Number of protein chains: 2
Amino acid sequence: MEERQARTAFAALSQETRLRIVRLLVQAGPDGMAAGAIAEAVDVSPSNVSFHLKDLEHAGMIVPRREARSIIYSADFTGLRDLIAFLMKDCCAGHPEICAPALADAQCKPSIKKKKAHA
Amino acid sequence: MEERQARTAFAALSQETRLRIVRLLVQAGPDGMAAGAIAEAVDVSPSNVSFHLKDLEHAGMIVPRREARSIIYSADFTGLRDLIAFLMKDCCAGHPEICAPALADAQCKPSIKKKKAHA
DNA sequence: TCCTCATTTCAATGATTGTTGAATTATAGG
DNA sequence: CCTATAATTCAACAATCATTGAAATGAGGA
C-alpha cells in the first residue's frame, strides 16, 4: 500500500461517524447493511451518512452494492488488512525486535471466543 | 485502546508531514532524532515541525526527551502497537475467519529479510 | 553575564473538512 | 404512468486544521 492511500484511509478513520460506520460494518460482516440502516444505527441524516460512506468507499474501507432499491455497504476486509499491513511494515521495518513480541499479543486468532456481537 | 484515542492517532497519521515524521522516527529507532534534524529531513520550517511533533506526541505516536540543547523525538512503539491492535481487533472481532489468514501474510517476523531500508 | 543555538509559542491567514436541507436520480409497485 | 421509497448530489455555511513569520523560552559556552 502506498503512503498516499494509507493517509486517505487514516483520514477516513479519524472521523467519529466514519469510524463508527466501519466498526458497525465489520461487525455486520459480508452481508453488510443498507445506507438507510447505517444512518439510523449511527444516528445521522441520510445525506450526511451518504457523504461519509462515499469518503469511506474512496478510502477503500467499505464497498457498495445495489440490491433492489437499497445500496448495501459492507466492510472492505482487504482494504482494512492492507492498512494494518502498512502500519505493521512501518513499525517493523526499522526495528522488528522492538514490536514483534508485543504484536503477538494482539494477534487475530480464529479461536477467539464469540461474544454477543452488538456494536 | 479507546475509540477516541484511536481517532486521534488516525488523524495524526493522516497528514503528509506527520506520517513522514513517524516513518522517519521508526527507521531511526530508539535513538530518535532532534527536532531540527527532523525539520531538515522532511523539509519544513522549525515552527511547523514543532506544531506537528506536538500533535504526534499528543496522539501517542512519538515521545520526546531533552538532551543538552536539543529535544530528541523517537517513535512510541507502544503507541503504534496499540493502534495496530485496535485495528486488528476491529477487523477480527466480527469475523476472524475473513481476515486472519490474510493477516498472517503481513506478520511482523524478526526473521524478516532486511532490505536497503529507504522509505 | 552575555551571546548563541535549538525549539516552542503565538496570532494571523488560507485551506480543508463537516453539516444542513432542498433538489435530484434510481428502483419498485399499483 | 404515477407515486413512494432509498439514496445521492449540491450549494451554503460553520468549524477545524495547516502554514507562516515574529517573538519568546531554555540550555550551554565564552
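Lettering follows sequence order; numbering is per chain, from 1. Since this is a predicted model, take the numbers as computed values, not measurements.
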Check: B:R66 side chain, B:A68 main-chain N or O, donor-acceptor pair, under 3.5 Å:
yes

With side chain to side chain contact (heavy atoms under 4.5 Å, CB included) as the test, pick out the partner of B:R23 among B:V26, B:L19, B:L25.
B:L19

Quick one: does any side-chain atom of A:S14 pair with a main-chain N or O of A:A11 as donor and acceptor, under 3.5 Å?
yes

Nucleic acid contacts - residues 32-48 of chain B versus DNA chain C, non-hydrogen atoms under 4.0 Å
B:A34, B:A35, B:G36, B:P46, B:S47

Does A:Y73 put a side-chain nitrogen or oxygen below 4.0 Å from OP1 or OP2 of D:dT8?
yes

From CZ of B:R7 over to C1' of D:dT16, roughly how many Å is that when rounded to an integer?
14 Å

Nucleotide of C:dT9, D:dA6, C:dT7 approaching B:K54 most closely (side-chain heavy atoms):
C:dT9

Nearest-Å distance for atom pair CZ/C1', residues B:R65 and C:dT7
16 Å

Is any side-chain N or O of B:H52 closer than 4.0 Å to OP1 or OP2 of D:dC17?
no

In whole angstrom, give the distance that lies between atom CD1 of A:I71 and atom C1' of D:dT8.
8 Å

Candidate nucleotides C:dG18, D:dA18, D:dA6, ranked by approach to the side chain of A:S70 - the nearest:
D:dA6

In whole Å, what is the span from the CZ atom of A:R18 to the P atom of D:dT16?
15 Å

Mind jotting down which residue pairs meet the salt bridge (Lys or Arg N to Asp or Glu O under 4.0 Å) criterion with at least one end in residues 29-46 of chain A? Sequence neighbours excluded, please.
none

Spell out, as yes or no, whether a donor-acceptor pair under 3.5 Å connects the side chain of B:R20 to the backbone of B:V22.
no

Should we say atom CZ of A:R4 is surrounded by more than 12 heavy atoms from elsewhere, each under 6.0 Å from it?
no

Taking only side-chain nitrogens and oxygens of B:Q15, does any of them come within less than 4.0 Å of OP1 or OP2 of D:dT19?
yes

Write down the distance between CG (A:L53) and C1' (D:dA7), rounded to a whole number of angstrom.
10 Å

Just the rounded figure in Å: distance from P of C:dT16 to CG of A:D55.
15 Å

For B:R18 and B:A12, work out which heavy atoms get closest and say how close.
NE-O, 2.9 Å

Taken to the nearest whole Å, CD1/B:I72 to P/C:dT7 is 7 Å

From CZ of B:R66 across to P of D:dG28 the rounded distance in Å is 7 Å

5'-most by nearest nucleotide on DNA chain C - A:F51 or A:A68:
A:F51

Using only side-chain N and O atoms of B:R69, determine if any of them is under 4.0 Å from OP1 or OP2 of D:dG29.
no

